[in-house]
Every structure is written in structure tokens, then in C-alpha cells.
Amino acid sequence: MHQKAIILDFGGQYTQLIARKIREVGVFSEILPYNVPIDKIVSLDPIALVLSGGARSVYDKDAPTVSQEIFKLNIPILGICYGMQLIVHLLGGEVKEGRREYGRSFVNFVSRSPLFENLRSREQVWMSHGDEVIRLPKGFRVTAVTEERNVIAAIENGNIFGVQFHPEVTHTPSGVDILRNFLYKVAKARGDWSIGQIIEDISTGIKRKVTQGKVICALSGGVDSTVTAVLLNKVLGKDSFIGLLVDTGFMRKGEVKEVAKNLTSLGVPLKIIDAKDRFLKALKGVIDPEKKRKIIGKTFISVFKEAAEKITDVRYLAQGTLYPDVIESTSVKGPSAVIKTHHNVGGLPEKLDFELVEPFRMLFKDEVRKIGKELKIPNELLYRHPFPGPGLAVRILGEVTYERLRKVREADFIFVKELKKTNLYDKISQALCVLIPVKSVGVVGDKRIYDEVIALRAVSTLDFMTADWCDLPKELLDKVARRIVNEVKGVSRVVYDITSKPPATIEWE
Ligand code: XMP
């Protein structure tokens, strides 16, 4: 069994990043809510505990806290930002409202610490806090201070450590070394979380769970379901796995064929269900985005159910659920979960009488990609931009019709192609086209046209909870706009969306 580090989540925006960074340096990590009972922590036998950041002040009336018992467990503890302030507060030091400090800062290391071994004496770090530590608890010493104002930036006492800055973000360039030092030099990690180990663990789990009958899985062409299918098929062997690809008619240009080709070449048995007409009929006259999503979700379930019932001996339903969907904490989900009804295979498990197989429940997307790489799934598939379950239907504002699908699909094809040609596709997180139900006048040749508008959107983001719009090169935008207006009949104008998330979401519906 592999070693693990536990991160107690106090609602920080970077908690998942801490977990990912720890895994990246070879130690399995799990996120638990801050108020998990101590017994549960002990039963998991962690080699290290990390107290995450959080948005509160330790003096707030209902500030999240932990029992003092955790300091008696003799497990190395690292408090990050709020986590450090909490350590100070609980052990008798003092935290005070300070000057808000947000962004890049420099710290000087003022005394030796295993945490900062092999670092320079001055490092750039990322700060994001209001309160600051002004008096240390008994036995603690300061190991780093900020250059600008001499604020306490790191403290320690025995195997309890605190850093005011965020080692988990890339703006702290030596952050990953700090986490590595904490895990290897302090917590004596073995580094047993490797991709080989992950695949072995998951394969054993699958074999243990799937003992008889077949497994089915809804395939979308996305990373998670593709890797799920390829792995399950490989582990279970011949005739035990079948992938179902529902062609909703809302996929990208040529996508159904491409997905089928890719999966077939990877040896995955696949059944394609053509439900294009059924989806389009169900959406006739529907304009409200939420209604659209609900109808698509419901139709998907019916189509999938009917297809699944035609296959004999099915006992399990596999899903590519990832760790971020599973984490029980209140904070980590973020508000986006409730802004839109996200229907991938929305509600499938509840409506079907199959046992669930979710091999990636404990994994992050980058880990699933690594498994995909091991399984020889082409990069193009592993690194494609996310695409919503309801597909192009939620990129058509107003009614979804065959004709309007054609416009958005063609425009999307041009946009993505040009991004790939200029090597920008992999540098941005997501690009999309939206068809706006507004007509505008244009001239093509000598002819007046009066047609709909396409909006281009390109964003960069780490977690899709917040996102910045991309400042794409003018030449590229120019070319894409020209091509769309010239080549996509029924589009008279192209605009570029320059709204960040928040306040706007990434998709328009
Ligand atoms: P929003 O529009 O909420 O999107 O900012 C955040 C990310 O989620 C994707 N998205 C979906 N993904 N099913 C999905 O699997 C959906 O129904 C869905 N709706 C939005 C969106 O493309 C973006 O990457």
C-alpha cells in the first residue's frame, strides 16, 4: 500500500493544487474537510498533514478550525497561509489584521530549515493574505521574512511548519522543492506514487470489482471516458467491455467518425447509436438554456438505457468520474457547479440498474492523461480542449435547428483549425464559437446579406472555475473572421468575446 499525505481543506482556492503538487512529487494525497474527526485521520495513517489556505480570519466567529489533538499525533504538519495562521492561533501565538498582500513577493530565509534546503537565500513567492502573524507560539522560530516589510513568512518548531506564502502555485518557482523537502526530508516519504503504481492499483481494483458480466461505458470522445474505456478493456480482456457512443448530433465536425476510428484502433469494442433526429426533435422550439440542458440530459438517458438493454449480460456501468467531482468538501467545488446544470451523462447512474465502476475516482485529470499516455492513446486526444456534454446545442443561443448547427459546427472547425495551424491550440485552455440569434447586415461581393453573428471565445485557465480571455494575435483573429464570413453561409459578422470568468461563464449557456 502506498504512503499518503492528507490535506485538510479550510476553503482555500488552491487546495486541489496542493494535492496535485504533492502527487507530482511522488506521494499520494487526499483532501479531507477541515472538520473530519481525528480518528478518521489516524485510521488513514498519513505520513504528513497539510493545513490548506482559506478565505477567513482565524478570529472570525465561525472560522474553520481543527482540534488541538492533531499536534499530538506526531505527524509532520505544514500549514499554508491560513493553515499557518491557524497553527499560530491554536498554539498560543498572535495573528493580526495586516496590510493585504496579494501577488508576487520576495522572501529571505533567515535561519536554516529542512524545508528550504537547497534553495537560494532569497526566493520569489506568491502571497494572498490579509492577516499576518505577529507573535509566535512558544518554541517556534522564524525561518523566513518578506523582503519588503519584514513580515513573518515561515515558521517552525520540530516537525510543525508554517509558510505564509503559497508553495503550490507556479508563481512560487521553488514551491515544489519546498513541498518535496517537507515530504522527503521531514516526513520521510518513499515516493511510491508513480504512474506504474497507479495503473497497478487501479487494475487490481477493477479486477476485484468486476467479477462477472459485462461493463458498459458512455463514450464522448473526451479524455476521461476514453482512458476509462481503454484501461477497462485492457484489464478485463475480450468480450467484457463495450463502449456506447451516442451520436446526439451536437458533436463537432467529423468527431463521431474520429472517435470511432481512434477507439477501434485502440481495440475498444464500440457501438454507435445514431440519435441525431431524436435530440433535434426533443429540442424543437426550446430556447431556455436550462430547459435545453435538462431535455438533452433526459433524452440521453432514454437513448442510452434502450441501447444498454439490448446488450446481454451487462452488470456494470463505468464512468470517468475524477477526484475533483468526489471531494466532499464544501469549498472545493466552487460556485460554478450550481450556475448550470452540467449534463454529461447527467443522472445516468441513478436511472440505470447497474453497479458503478469509477476507476479514476481518486485521480486528477493530469494523472488520467499520464495513464492515457502509458496506454498509447494519441496526444491529440489526451490534450483536446474540454467540450460540454450537451455539445454545440449550448453554443447555439436560441433554438437549435439543423441549419444553425451547421453554422456553429463549420465556424468551430475553422477556428480550431487555425489555432492548431498557428500552434496556439495547446497554449490556450479552451476555444469555442457561439451562434448569436441576432441578425446583422453585411455585404458579400456586391450583395447585401442579413445574417446571424458568430462570437469567438478563447480562454486560459487552470481549473475552469475562473478564466481569463486570451489576447489572440490580431492576424489570427482576422483570418478566422474572414474565413468564417466567407465560408460559412448564413453568418454575416464575427465578434470576439473579451469577458473573464467571473463574471461571465466560459460557455454562453
Ligand atoms: P462554464 O461555462 O460553467 O464551464 O464556465 C466550465 C467548463 O465546463 C464545461 N462545461 C461542461 N462540461 N458538461 C460538461 O462536461 C456540461 O454540461 C458542461 N457545461 C459546461 C465548459 O466547456 C468549461 O470547460
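Quick caveat: nothing in here was measured; it's all calculated off a predicted structure. Every number for a ligand or one of its atoms is a count from 1 in the order of the listing. Values reported hereafter were calculated over all heavy atoms of this structure, with side chains retained and with hydrogens, waters and symmetry mates removed.
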Original post:
What do you reckon, does P386 have a nitrogen or oxygen under 3.5 Å from a nitrogen or oxygen of ligand 1?
Top reply: no
Original post:
Any idea which atoms of ligand 1 are less than 4.0 Å away from a heavy-atom of P390?
Top reply: 16 (C), 17 (O)
**OP:** State if R293 counts as touching ligand 1 under the rule of any non-hydrogen atom under 4.0 Å.
**Re:** yes
Original post:
Below 3.5 angstrom, do we get any N/O pair linking G389 and ligand 1?
Top reply: yes
Original post:
Taking all atoms of both residues into account, what is the closest heavy-atom pair of I454 and K407, and its distance?
Top reply: CD1-O, 4.5 Å
Subject >> Flag if over 12 foreign heavy atoms under 6.0 Å of NZ, K261 >> reply: no
Original post:
Does K501 reach ligand 1 with a nitrogen or oxygen that is under 3.5 Å from one of the ligand's nitrogen or oxygen atoms?
Top reply: yes
Subject >> From V50, I6, I7, residue fulfilling side-chain contact (heavy atoms from CB on, under 4.5 Å) relative to S29 >> reply: I7
Subject >> Aromatic ring proximity, centroids under 6.0 angstrom, W126 and H166 >> reply: no
**OP:** Tell me which part of P388 gets within contact of ligand 1: side chain, backbone, both or neither, using heavy atoms under 4.0 Å.
**Re:** both
Subject >> Ligand-side contact atoms (ligand 1) for residue partner T505, heavy atom cut-off under 4.0 Å >> reply: 1 (P), 2 (O), 5 (O)
**OP:** Answer yes or no: are there more than 12 heavy-atom neighbours, outside L462 itself, under 6.0 Å from its atom CG?
**Re:** no
Original post:
Would you say the side chains of D201 and Q197 form a donor-acceptor pair under 3.5 Å?
Top reply: yes
